[in-house]
**Student:** 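The structure follows.
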Amino acid sequence: MFPKGFEWVVILIVALLIFGPKNLPKLGKSLGKTVKNIREGMSGDGEQAEEAEVVEEDDEVAQLEAQLAEAKAKKEAAAARDAE
């Protein structure tokens, strides 16, 4: 049913030739996300997973905004020191 040793090697080589070494990691990542979404959809926990992803994204956005504000404050402080 599933490919064994040598068959996996052939499949990976063909994938490498078709998609190239730069796009292969992107392909793997998107394939992993797709499988994860399908599993979550089949289990019925899709709403909870989406809510958790939104919370994680909100936390990331908040952290990035805090870093941006900190960088702007440092830049303004440096500009004020240079102006004096």
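Keep in mind the model is a prediction, meaning the values are calculated, not measured.
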**Student:** Mind checking whether Leu31 and Trp8 sit in one hydrophobic cluster, side chains of I, L, V, M, F, W, Y counted as touching below 4.5 Å?
**Tutor:**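 Leu31 and Trp8: separate clusters.
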**Student:** Kindly indicate whether the side chain of Leu68, heavy atoms from C-beta on, has any atom under 4.5 Å from the side chain of Glu65.
**Tutor:**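 Sidechains of Glu65 and Leu68: no contact.
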**Student:** Is Leu27 isolated, or which residues cluster with it under the ILVMFWY side-chain rule of less than 4.5 Å, directly or via members?
**Tutor:**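 Phe6, Val10, Val14, Leu16, Ile18, Phe19, Leu24, listed by chain and number.
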**Student:** Between Glu70 and Lys74, is there a salt bridge with N-O shorter than 4.0 Å?
**Tutor:**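 Answer for the salt bridge query: yes.
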